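In this text the structure is predicted, and so the values were computed from the model without any measurement.
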Amino acid sequence: MTQSQASNPWPRRIGIGLSVLPVAMLLFSASAKLGSNPEAVAGFKAMGYPDGALLKIGIVELIVTILYAIPATSVLGAILVTGYLGGAVDVHARMGDTLGNILFPVILGAIAWGGLYLRDPRLRALLPVKR
């Protein structure tokens, strides 16, 4: 890391700000699943999921989100969040959902990785952006 990168706090601050969005959205989604929100239950039944899947998926969503939010495990969390969101893309595509609903998890994953890239100098060193 160069001296200018070490003295500039803005990439980290912006990265934290960006990271809040996917964390908040995933926590909201997990809480709906774990709380058996009637809309979530109905949506899962419409997608053909068996009873009990909502709770299991909610637990997985909560775990990967927490791993992403903790700085020491954020890279592992980002990888797992990416896998989780890939599953969401698959489900929406198989259901014949709108392009917006199919792309939403992709965009959320890109925001998660962008936030992590900006808040973690090790990741910026590993994947430098060339000018």
Side-chain angles (χ1 to χ4, degrees):
M1 178 169 15
T2 67
Q3 179 64 27
S4 65
Q5 288 173 324
S7 63
N8 187 355
W10 286 106
R12 184 171 183 278
R13 290 178 182 169
I14 293 169
I16 290 170
L18 280 175
S19 295
V20 166
L21 179 64
V23 168
M25 297 197 78
L26 290 167
L27 287 176
F28 176 77
S29 175
S31 69
K33 291 174 182 75
L34 295 173
S36 296
N37 176 292
E39 289 179 21
V41 171
F44 268 65
K45 283 196 184 294
M47 289 186 266
Y49 280 98
D51 292 339
L54 188 66
L55 177 63
K56 293 172 188 171
I57 292 173
I59 290 168
V60 169
E61 186 173 21
L62 181 62
I63 290 169
V64 301
T65 303
I66 290 170
L67 288 171
Y68 174 73
I70 297 170
T73 59
S74 59
V75 174
L76 172 61
I79 293 167
L80 296 173
V81 162
T82 302
Y84 178 82
L85 293 172
V89 169
D90 175 66
V91 168
H92 286 292
R94 280 189 298 115
M95 294 300 297
D97 219 336
T98 65
L99 183 60
N101 285 345
I102 294 169
L103 287 178
F104 184 78
V106 174
I107 294 166
L108 192 61
I111 293 169
W113 275 102
L116 181 59
Y117 183 84
L118 290 172
R119 69 183 162 114
D120 191 335
R122 298 169 303 161
L123 195 54
R124 290 196 306 271
L126 181 64
L127 302 168
V129 176
K130 302 288 184 187
R131 292 182 188 202

Heavy-atom donor-acceptor pair, Ser74 side chain to Pro71 backbone, under 3.5 Å:
yes

Gly58 and Ala30 have their tightest heavy-atom pair at O-CB, 3.9 Å

Could you state the interatomic distance from CZ (Arg122) to CG (Leu127), rounded to the nearest 0.5 Å?
12.0 Å

Could you give the distance from CZ (Phe28) to CG (Asn37), rounded to the nearest 0.5 Å?
7.0 Å

Do His92 and Thr98 have side chains that get closer than 4.5 Å, going by heavy atoms?
no

Measure the spacing between CG of Leu62 and CG of Leu26 and express it to the nearest 0.5 Å.
10.0 Å

Do Leu123 and Trp113 have side chains that approach each other closer than 4.5 Å (heavy atoms only, starting at C-beta)?
yes

So Leu85 and Val106, do their side chains get closer than 4.5 Å, heavy atoms only?
no

Among residues at least two apart in sequence or on other chains, which ones pass side-chain hydrogen bond (donor to acceptor under 3.5 Å, both in side chains) with Lys56?
none

Hey, mind stepping through Arg124 and Val129 against side-chain contact (heavy atoms from CB on, under 4.5 Å) and telling me if it holds?
CA-CA 8 Å; Arg124 290 196 306 271; Val129 176; over 6 Å; no

pair Leu80-Ile63: side-chain heavy atoms closer than 4.5 Å
no

Can you tell me how far the CG atom of Leu116 sits from the CD1 atom of Ile111, to the nearest 0.5 Å?
13.5 Å

Counting only pairs under 3.5 Å, give me each side-chain donor-acceptor contact of residues 16-23, with atom names and distances, residues two or more places apart or in other chains.
unit_1 : atom_1 : unit_2 : atom_2 : d
Ser19  : OG     : Gly15  : O      : 2.8
Ser19  : OG     : Tyr68  : OH     : 3.0
Ser19  : OG     : Arg119 : NE     : 2.9

Using side-chain contact (heavy atoms from CB on, under 4.5 Å) as the criterion, point out the one residue from Ile102, Leu103, Asn101, Asp97 that pairs with Val89.
Ile102

Rounded to the nearest 0.5 Å, what separates atom CD1 in Ile70 from atom CG in Leu76?
10.5 Å

Interatomic distance, Thr65 atom OG1 to Met25 atom CE [nearest 0.5 angstrom]:
11.5 Å

